[in-house]
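Just so we're on the same page: letters track the sequence lines, and every chain starts at 1.
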Number of protein chains: 2
Amino acid sequence: MSVQERKERERAARERLIVATARELAEEQGWDAVTTRRLAERIEYSQPVLYSHFRGKREIIGAVALEGATEMAAALRAAAPTADGPRARVVVLARTYLDFAERNPAVYDAMFQLDGGLAFAREDTPAPLKDAFAALLETLAEVAGDGVHPGVFTEVFWASLHGLATLTRAGRLPAEYAEGRLELLVDRLAVV
Amino acid sequence: MSVQERKERERAARERLIVATARELAEEQGWDAVTTRRLAERIEYSQPVLYSHFRGKREIIGAVALEGATEMAAALRAAAPTADGPRARVVVLARTYLDFAERNPAVYDAMFQLDGGLAFAREDTPAPLKDAFAALLETLAEVAGDGVHPGVFTEVFWASLHGLATLTRAGRLPAEYAEGRLELLVDRLAVV
DNA sequence: TCGATTGTCTAGCGGTGCTAGGATTCGAGG
DNA sequence: CCTCGAATCCTAGCACCGCTAGACAATCGA
């Protein structure tokens, strides 16, 4: 019994190693550099070992995405309540979101740009993803405005943040007015 | 002289064929299916011919993006003035944008999701891209609000539309409330 | 008509994600 | 303690990718 348990522990540890290494490599050199060969070499196993843990590269991306979602939810929940007043809370929330995207571009890509084979906006959506959305909603609900469904409001707010995050990082928006855009977005969207 | 001109015409025609075929293939089966081999086969030339027109696959994507930007600018300029009043014009503008993204997903990806090697938000940004942004700005300037830079306002509005377009298409936002989200966005962002 | 230039193709390079099948290790039962 | 079966892991290879060198053929000017 104990032997089997030890093996399972080691197996789980190796799986975490794979995900952590993939994330590391992606943050260092981008997801294009995360090939099964390089990844296998870094964890000091052969390629097929990866496929005994994940169906393929897509699932590895998905695992990184879930890890990222958990962290983002925690970051949002930790940051928002530190500010006084609804508007300030929303500003902090938005800044935290954009900050997370900027500091963890590879993880953000895994979550929202790449195909990690995860279900979104459905019942079978993985809990971390639902929870990250919930974290946004908790702060945004109080500024949705009368007669506006908080969920729909959160979707719109989230989409706007996502657009700012991706277009800014891709160099499609000038980096200089980032703060001004954030303030403008909050001032217009949030009903205080 | 005339021989040389004919050759140049034929060469230009072939280049258009390449771009059109790449776009076709991408809309049919996604950009992943647009390989240099398949593309070459469709235009009935060998692979190296592609490289006598473009530096590589990236530049082909860029060419599709420019074509798309021209069309999008035209669509936006054609649609917006058909509505009465600033708010209605902005709604039509937004709907046209999202419609374009939905109807031409591959072209939209070439423009804003993939790396086509194009410069954005700079002086040397290709004219079609600048023009598409200008088309947005023309309608949005009148609802930017007092003291708000129309360019910055357009950036924010564009980012929001981009977020809605990408998240909706990736299945990360439920398709059902699309119209509601659009109305909410316009109502909040636009100052009428 | 001949030489040079232009155009195009065949073949191949190093890389990708993924997998079949053989070798090796390891725990369990005699 | 030893042997056997099962689980584990790796080597080698598949078909495909973007891209390019170099051979070949067609065309042009002299």
d(CG, B/Asp32; P, C/dT16) in whole Å: 16 Å
Sugar-phosphate only, base, or nothing, as touched by A/Arg11 at under 4.0 Å among non-hydrogen atoms: nothing
Nucleotide C/dT6, atom P - distance to OH of B/Tyr51 in whole Å: 23 Å
Sugar-phosphate only, base, or nothing, as touched by B/Arg58 at under 4.0 Å among non-hydrogen atoms: nothing
Check: B/Gln47 side chain, D/dC19 base, donor-acceptor under 3.5 Å: yes
From NE2 (B/His53) to CZ (B/Arg16), nearest 0.5 Å: 11.0 Å
Atom pair distance, as rounded to whole Å: CD1 in B/Ile61 and C1' in D/dC19: 15 Å
Interatomic spacing from CD in B/Gln47 to CZ in B/Arg38 - rounded to 0.5 Å: 11.5 Å
A/Ile60 CD1 - C/dT16 C1' separation (whole Å): 14 Å
Presence of B/Arg38 side-chain N/O under 4.0 Å of D/dC17 phosphate oxygens OP1/OP2: yes
Between C/dT16 (P) and A/Leu25 (CG): distance, integer Å: 11 Å
Polar side-chain contact A/Arg37-C/dG15 base: donor and acceptor under 3.5 Å: no
Closest to side chain of B/Pro48, choosing from C/dG17, D/dC10, D/dA21: D/dA21
Proximity to the side chain of B/Ser46 - top-ranked nucleotide from C/dT16, C/dA20, C/dT8: C/dT8
Separation between CE of A/Met72 and CG of A/Leu129, rounded to the nearest 0.5 Å: 10.5 Å
Nearest-nucleotide pick for B/Tyr45, side chain only, options being C/dT8, C/dG17, D/dC9: C/dT8
Spacing of A/His53 atom NE2 relative to D/dC10 atom P, expressed in whole Å: 11 Å
Sugar-phosphate, base or nothing in reach of A/Arg14, heavy atoms under 4.0 Å: sugar-phosphate
Rounded distance [0.5 Å steps], OH in A/Tyr177 versus NE2 in B/His149: 6.5 Å
B/Asn104 (side chain) donor-acceptor with B/Phe100 (main chain) under 3.5 angstrom: yes
First of B/Val49 and A/Gly56 reached from the 5' end of DNA chain C, by closest nucleotide: B/Val49
Which nucleotide in C/dC18, D/dG18, D/dC10 has an atom nearest any side-chain atom of B/Lys57: D/dG18
Phosphate OP1/OP2 of C/dG17: any A/Thr36 side-chain N/O under 4.0 Å: yes
Candidate list A/Glu102, A/Arg169, A/His162, A/Gln113, test side-chain hydrogen bond (donor to acceptor under 3.5 Å, both in side chains), partner A/Tyr108, passing option: A/His162
Earlier contact from the 5' end, DNA chain D, for B/Val34 and A/Ser52: A/Ser52
Distance in angstrom units between A/Glu10 CD and C/dC26 P, rounded: 11 Å
Length of the CD1-P vector between A/Ile18 and C/dC18, whole Å: 13 Å
